[in-house]
There are 2 protein chains.
Amino acid sequence: MQPRELPRPPRTPIDGEGAGHRSRDALRAAQMYYLQDLTMDAIARELRTSRSTVSRLLSLARQTGLVQISVSNPAERAPVLEQQIRRRFGVEAHVVPVADSVSDSEALERVAIQAARTISPLMDSNAIIGVAWGSTLSAVSHHLTRKDIHDSTIVQLNGAGNTQTTGITYASEILRRFGQAYGARVEQFPVPAFFDHAETKRAMWNERSVRRILDLQHRMTVAVFGVGSIDAGIPSHVYSGGYLDEEDLAQLAEDEVVGDVATMFFREDGSHRDILLNQRSTGPDLDRLREVRRRICVVSGETKINGLRGALAAGLATDLILDEASARRLVQLAADDHPGAPARLAGTSRADR
Amino acid sequence: MQPRELPRPPRTPIDGEGAGHRSRDALRAAQMYYLQDLTMDAIARELRTSRSTVSRLLSLARQTGLVQISVSNPAERAPVLEQQIRRRFGVEAHVVPVADSVSDSEALERVAIQAARTISPLMDSNAIIGVAWGSTLSAVSHHLTRKDIHDSTIVQLNGAGNTQTTGITYASEILRRFGQAYGARVEQFPVPAFFDHAETKRAMWNERSVRRILDLQHRMTVAVFGVGSIDAGIPSHVYSGGYLDEEDLAQLAEDEVVGDVATMFFREDGSHRDILLNQRSTGPDLDRLREVRRRICVVSGETKINGLRGALAAGLATDLILDEASARRLVQLAADDHPGAPARLAGTSRADR
DNA sequence: CCCCTGCGTGCACGTTTGTGCAATCTGGTT
DNA sequence: AACCAGATTGCACAAACGTGCACGCAGGGG
């Protein structure tokens, strides 16, 4: 009964080490499979093992980032939607093809998978990566594939505690996954999502333990977040998970809030001045956030469209990963706002098939 | 019976065009398959087509370079063999894993496939790419996958005519494939591999039509070639295809030639001065070749080891793609030459398994 | 006008691949 | 020495995949 009860015993083949049998075989197998087009059967014979082992070696190779599969760099001839979004909103769009018929939860899952793979190439060594939490980020975190970069840090963007839980397990799961995928240190932000009193926040913000996190956030090179939308059909955790009470919600309505990023709220036009709740929120100051080099926003579901438009109006993102239906809607709404410019898409989407 | 009898009618969807149904669907399918992990069946339903069509769309996507699969960049922990070769010979080695038991012709095929995929990322826009000919290059050319880069030129490194044929169809097939893969202009070099008389070469080298090619070669940014080895079990085309007569071969022996690159010969120590045949050969001057930024050498088969060692001694390559057996042999021979340094590999190769 | 040729499609079949399960192995603890 | 937990293997079965073939459609030539 020593004080040692780590989830993992010292046996930690996480990554480093000169590569054991296993990962060396995985490399060989990957080369033979992906570069020489042998069948797994043939590889098994050469490696003197069973075919099923080869299958597993290959999935290991994919998992650990030994094999990287990328689709379509040539941005010139990118799909129309992505170009339109880029022109309209000045963000790099990655539209995830998802038929309109699939369920919301499946769409989220698929956007998440593709998002995980899309952000991977954007991660670099020595990065400080801010990560928010929420159902979207949670889904993304489950699908990250490993990439070995060095000396990076994952920092939590906003507190996760609420009146019912400290939020630790949920948010920290997300962070942990990011940390594991990129071999990075993880810095949690152990504060509630919202303080009850703005003064408490000010006080805490002067604590050194908190300043350390704020300082990291200040030096962020990448931020990854979803958006919340007030009127979302499936409301974000923030609006239903015990974070806000009746009064808070009324205040949000009063302030004409349409959504949030990392529990910082904004209006339809992107402004966030004088939104009371922000004074008690532990999220990053939005003006500050805007200065981060790479700001990646992941969105799935048309119901988040209003929050998304606000976030775009506020210029919070440099990269936007979203499902096709939302992308279409986004462009269409933009066209309605500024009629005259490129024709709306309604017709096009049918002609596509 | 018009003079028009091109192999392909004007119907040329080669690449350009805004992308038709087909390649757009291919992109969607590729995203769904490789980025979202859907099954082909599921994709077929979303695309309202049959599963088999999806299978074909995906292979199109791979073929046309829409999907790029790369294996293992992290050079730090590259396999031991590659590191040893890099240290010993100062070239970037790509060792192709091939069990010792496979036949020579299969090994060639596999090296060729992997070579084709390995050189693809090295090709850039505005490149001038010199390409030799021979059985190795022929095999490589069959497996190139498309990559769209612009304004590049493929230029033939050495003439291919001999006493029996003009060599056009054979060499030009290789060039054509390269040109097609990279959307590049192709410049053939319509001269024999060897002139009968050195003076003819000098004369021709002053012709403007020839100078144009020489000029291109001079501005090469990448060169791709195999090696010939005098004592190769399966002799290179050059030594058996009617390019050289008895007398020539005797002369080569006299000059202590061990092999050639693009029909330019060299000795074991890498020197090429005073090798008579080079005066009649149409290959690129080796001193000149050495100045090309990226020089990629593809070798399959232990029998070419002597030619390869000469080529390495001459510093002709910056990148070397070769099968595992040859790689091992290469390192072992080097260790024998300079005993004392890192232990030889004989023992290791067994412990590997 | 019809025919012919080339391309794209879906079907059906054989092949290739993923995975739950039970047996086995390995390294460390009692 | 015996034991145990976790990892790793091969097997067998089901799922997923590639491809030859026959059909149908479109465009150009006779």
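First the proteins, then the strands, lettered A, B, ... as listed; each starts at 1. Given the structure is predicted, the values throughout are model-derived calculations rather than measurements.
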Side-chain atoms of residues 54-61 of chain A: list all donor-acceptor pairs with protein atoms under 3.5 Å, sequence neighbours left out, distances to 0.1 Å.
| residue | atom | partner | partner atom | Å |
| --- | --- | --- | --- | --- |
| A:S59 | OG | A:R56 | O | 3.2 |

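- Contacts of B:Q36 classified as side-chain hydrogen bond (donor to acceptor under 3.5 Å, both in side chains), with partners at least two apart in sequence or in another chain: A:R110, A:Q114.
- Counting to the nearest Å, the C1' atom of D:dT19 and the CD atom of B:Q63 are 15 Å from each other.
- In this structure, the CD1 atom of A:I43 is 12 Å from the P atom of C:dT16, given to the nearest Å.
- B:R51 is linked by a salt bridge (charged side-chain N to carboxylate O under 4.0 Å, His left out) to nothing, counting only residues two or more places apart in sequence or in another chain.
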Protein N or O to nucleotides 21-25 of chain D N or O, pairs below 3.5 Å:
none

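- Residue A:R48 contributes atom CZ, which lies 17 Å from atom C1' of D:dG10 at whole-angstrom precision.
- One finds a side-chain N or O of A:T53 lying less than 4.0 angstrom from the OP1 or OP2 phosphate oxygen of D:dG10.
- Looking only at atom types and distance, the side chain of A:S135 has no donor-acceptor partner in the side chain of A:S138 under 3.5 Å away.
- Residue pairs meeting the salt bridge (Lys or Arg N to Asp or Glu O under 4.0 Å) criterion with at least one partner in residues 112-122 of chain A, sequence neighbours excluded, are A:R117-B:D37.
- Residues passing the salt bridge (charged side-chain N to carboxylate O under 4.0 Å, His left out) test with B:E109, sequence neighbours excluded: none.
- Checking C:dG18, D:dT19, D:dC11 against the side-chain heavy atoms of A:S52 singles out D:dC11 as nearest.
- Remark: B:Y33 engages no residue in a side-chain hydrogen bond (donor to acceptor under 3.5 Å, both in side chains) (not counting sequence neighbours).
- To the nearest 0.5 angstrom, A:R146 atom CZ is 11.0 Å from A:L144 atom CG.
- Phosphate proximity of D:dG10 to A:T49: present, with a side-chain N or O under 4.0 Å from OP1 or OP2.
- Listed by chain and residue number, nothing satisfies the side-chain hydrogen bond (donor to acceptor under 3.5 Å, both in side chains) test with B:S300 (two or more places apart in sequence, or in another chain).
- Spacing between atom CG of B:L60 and atom C1' of D:dC17 amounts to 17 Å, rounded to whole angstrom units.
- Contact annotation: A:S55 reaches the phosphate of C:dG18 (side-chain N/O to OP1 or OP2, under 4.0 Å).
- A heavy-atom distance below 4.0 Å to DNA chain D is reached by these residues of residues 32-42 of chain B, ordered by number: B:Y33, B:T39, B:M40.
- To the nearest angstrom, C1' of C:dG10 lies 13 Å from CG of B:L57.
- The separation between A:R51 atom CZ and D:dT9 atom C1' is 13 Å, rounded to whole Å.
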